[in-house]
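See below for the structure under consideration.
All values reported here derive from a predicted model rather than from experimental measurement.
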Amino acid sequence: MPETIDEIKIEENVKSYEGKRIVLDIDRCIDCRSCETACFYSHVGHQNLTHAVSRQIAAFPYNCRQCEEPVCLDACSRNAIERRDDGVIVRNKFLCIGCLSCAYACPFGVIKEDLIRRVVSKCDLCVSELSEGEVPNCVATCTSGALQFVPMDEVIEMKKWGARIIAKPGPHRI
Amino acid sequence: MGIHKVICHFCSMQDYFGLTGESVFYSVHYGSQNVVKTKHFSERRICPRGNFCNELAQHKHRVGYNLVDGEFAKTDFALDAIKESFSAMDKSRSAILLSGSLTLEEALLAAKLGEKWGTKLVAQIFPEDEISAKFLNNFSFADLSKMQAVIAIGDIFSLHPTISKFVHDARFADRKNFLAAIDNCRSRTSRFAWSFLNAKPGSVADVIEALANAVSCKEYSIENTGVDESAFEQLVSILKNTENAAVLFSPGIGRFSEPLRVGFWAKELAESKNFQFASFSTGSNARGISRLLNSYGFEPINKVIDAIESGEVESLMCLECDPIEAFPKIFNRIKSMKLVVTTATLPTAIVENANIVISSKHLFEKKGTLLSPMEKIITMDDPFPSPDYPGEMTLLKSLLENEGIRPTAEISEIKEHLGAFHFISEPPDVMKNRSGKLTAVGYHTPHHHGDGSYTRRASWVIRQTKDKDNSVIIGLGLAEEIGVSNGDSLVVSTDAGKSEFSVIIEEDQLDNVVLIPAYMPNGRDVLGWCKSAGFVPIAVTVSKP
């Protein structure tokens, strides 16, 4: 049980972000790469988010999906990757030896293979921001509103991403 | 150190965000270090350039020192040296160039100094912002996301990324809402547009003039503009039935051959239907500075550069700007000048070639006022702490006192000068079209604008984009015709100059344009110079090296 006001606040914040994921509205992303720069500077040069551009038509920032069954965690030989109680999958910087097993195992290619100071970089959802009631920095800085931090079940239920594309008249980018 | 509510010195939207210095635990070094962190509470988010403010505040190459003839100097000594050097000059043959990221107070003091010296050559350095300053905006960011239609002229998403959320919100607010784009090439903005009028380079002004006339039920013609007639008529029909819309205009560099005329007819289009209108500048305060200097009767930037090029100018003072990277052709002239004084925060080319350098502050480290895109004067009163760099204010005050003028900059005086500005009211003359079979058109990216002299020094850019920054963009058909693929080298020649770039191929780009990086010095080298509006598109030939 939380005993101090700070502990209560932290517990409330944890409840507010549990089950939330970063999702992309593809029809908004303008490929400005603000999310990348925010990630770069907020992780002191360890950029955990990159993106791809498909035939100059659409851009896809891709970051860690915080999988239900993370293969990166299974692949890590040093137990450097762990799932926290709040569901966020993080990499322990002190244990990581930069063997790249997690990067090779990740089916979405979101763990970068280029090592920075012999350490692998992985999205941690900016947990320090989350515990203060904020959103991940890539979401906070997204200029077009393409990256959103929302409960996964809500997104699935609303089906709004697909519905929006069908509803708009005229040609679409995808 | 608390959170300081600051305005990005790159932000043409003048959005605010928090900067705070924090001690961050950094595992690899097993220790801690102080870093500047961004706190996100801005309405319009932060584009890549805004994110660079973290780094710029404590950049490892920051000019935190004064230099006199290459030697480190204390501020008093450097200021005395400047006063002494100018006293030996014919000050009426001096020029003062200002960045678009100064405060209105600094611009006012620079204007007073120029007036006292008897020179007409005082200008802010972004030619594109002199264009946008000539139009009075009537829009609000809050209303923008409720618009039925947004008409984007130029690549607003690249130059002003923080506006994209409002535009998208407007697009998605209702099923009938839409975005229309008018440009001479495919851009980051046009790819989202429901209606895209892709005009031939040199004919965008004609298209917008025709659109303004058509919406007002007057006679019009879109002959020889390259615009599809049915798409044009469809857009006219929709605009006629639209009650609330916004026309957004961003001149950019080397984008339009007649940017003044483009802006004029865009404004006419907006006024004909009581739409909202906004012309955006790239500098964070360039509109205000341009108008303020204009009210003193100073020459526009193109006349100042012409004067430097012809050798009329014997001494130059640069306030937080780099004319060598912005206008590479005047490099030799600047080198041969008797005196070059500059204020600087980073070691740009002008710092290496100046006689005296005064260390300066970034906009987010200053107090002062700015003119917002919504035509309001906003005050910055919570600067991010910085060491005691003298900057422009100290330099200008020192020089004005030396001239026997009280260096005051009252807000009432600033308002008076801004109020004296005459907005463009008559359609500018039609100019000779300088495009050809193949035309060089300037482009920017969200992480670069202006001359790119600061953004290219950000470590994210250095690590992530590398040499991709110095690339021309061409269509697939043209690439096949020349026989080049992505990453190959290409020599671009125009009447203005010749330079080598690497190639980026975009499938949806038309084959009659070559997109030139207008934020690179060699990109600006090959774009044409226009007598009234800075760089313009120009006929071009391309070949393999």
Side-chain angles (χ1 to χ4, degrees), chain A residues 25 27-47 50-51 53-59 91-96 114 116-119 126 128-129 132 134-147 160 164-165 167-173, chain B residues 17 24 26-30 33 35-42 44-55 157-158 160-169 171-172 175-178 186 188-189 191-192 194-195 445-447 458-461 463-465 473 504-509:
Chain A
D25 183 345
D27 210 13
R28 275 178 176 263
C29 180
I30 61 165
D31 183 24
C32 73
R33 301 176 72 175
S34 302
C35 49
E36 277 190 31
T37 45
C39 187
F40 178 85
Y41 287 114
S42 58
H43 291 86
V44 204
H46 283 238
Q47 184 183 319
T50 51
H51 82 270
V53 178
S54 171
R55 300 174 68 181
Q56 290 80 48
I57 298 169
R91 176 188 50 79
N92 190 322
K93 293 170 188 171
F94 295 100
L95 295 176
C96 178
D114 47 333
I116 300 166
R117 298 185 188 94
R118 287 181 291 166
V119 171
C126 297
S128 59
E129 300 290 328
E132 290 175 16
E134 305 289 339
V135 295
N137 284 324
C138 56
V139 177
T141 199
C142 177
T143 58
S144 60
L147 287 180
K160 64 180 176 184
R164 171 178 293 162
I165 290 164
K168 287 293 290 180
H172 302 294
R173 297 187 314 116
Chain B
F17 56 91
V24 170
Y26 194 18
S27 66
V28 176
H29 288 162
Y30 300 98
Q33 63 183 48
V35 294
V36 176
K37 289 199 85 177
T38 309
K39 290 289 174 192
H40 304 89
F41 50 73
S42 67
R44 288 167 232 148
R45 319 296 181 94
I46 310 174
C47 80
R49 300 188 295 259
N51 281 297
F52 299 160
C53 290
N54 289 6
E55 183 182 0
F157 285 180
S158 289
H160 322 284
T162 54
I163 202 141
S164 59
K165 186 168 184 294
F166 296 97
V167 175
H168 284 322
D169 285 349
R171 283 173 65 213
F172 292 127
R175 190 176 178 276
K176 287 181 284 186
N177 290 8
F178 73 98
R186 281 271 175 192
R188 189 169 264 102
T189 313
R191 291 184 180 118
F192 290 89
W194 171 79
S195 170
T445 64
H447 55 279
S459 54
W460 177 82
V461 176
R463 189 177 288 175
Q464 294 299 316
T465 61
I473 300 173
I504 294 176
I505 299 167
E506 289 189 352
E507 286 181 29
D508 60 350
Q509 209 57 258

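Counting heavy-atom pairs closer than 4.5 Å to chain A, the top-ranked of the candidates B:Arg44, B:Arg186, B:Glu55, B:His447 is B:Glu55. Per-residue counts of heavy-atom pairs under 4.5 Å with chain A were compared for B:His40, B:Gln509, B:Lys39; the largest is that of B:His40. If you tally non-hydrogen atom pairs under 4.5 Å between each of B:Thr38, B:Thr162, B:Thr189 and chain A, the highest count goes to B:Thr162. Top candidate by heavy-atom pairs under 4.5 Å with chain B, chosen from A:Thr37, A:Asp31, A:Val135, is A:Thr37. Of all the listed residues (B:Ala458, B:Ser195, B:Pro48), the one sharing the greatest number of non-hydrogen pairs under 4.5 Å with chain A is B:Pro48. Top candidate by heavy-atom pairs under 4.5 Å with chain B, chosen from A:Gly145, A:Cys35, A:Ser128, A:Cys142, is A:Cys142.
Remark: the backbone N or O of B:Cys47 is not paired with any side-chain donor or acceptor of A:Thr143 at under 3.5 angstrom. Side chain of B:Arg45 to backbone of A:Val139: a donor-acceptor contact under 3.5 angstrom is found. Using a distance-only test at 3.5 Å, with no hydrogens or angles considered, no donor-acceptor pair links the side chain of A:Thr141 to the main chain of A:Asn137. A donor-acceptor pair under 3.5 Å is formed between the side chain of B:His168 and the backbone N or O of A:Arg28.
At a threshold of 4.5 Å between non-hydrogen side-chain atoms, the residues B:Val167 and B:Phe192 do not count as touching. For the pair B:Trp194 and B:Arg171, the minimum side-chain heavy-atom distance is 4.5 Å or more.
In this structure, chain A has no heavy atom under 4.5 Å from any part of B:Phe166. A:Glu129 touches chain B through its side chain: at least one heavy atom from C-beta onward sits under 4.5 Å away, while N, CA, C and O do not.
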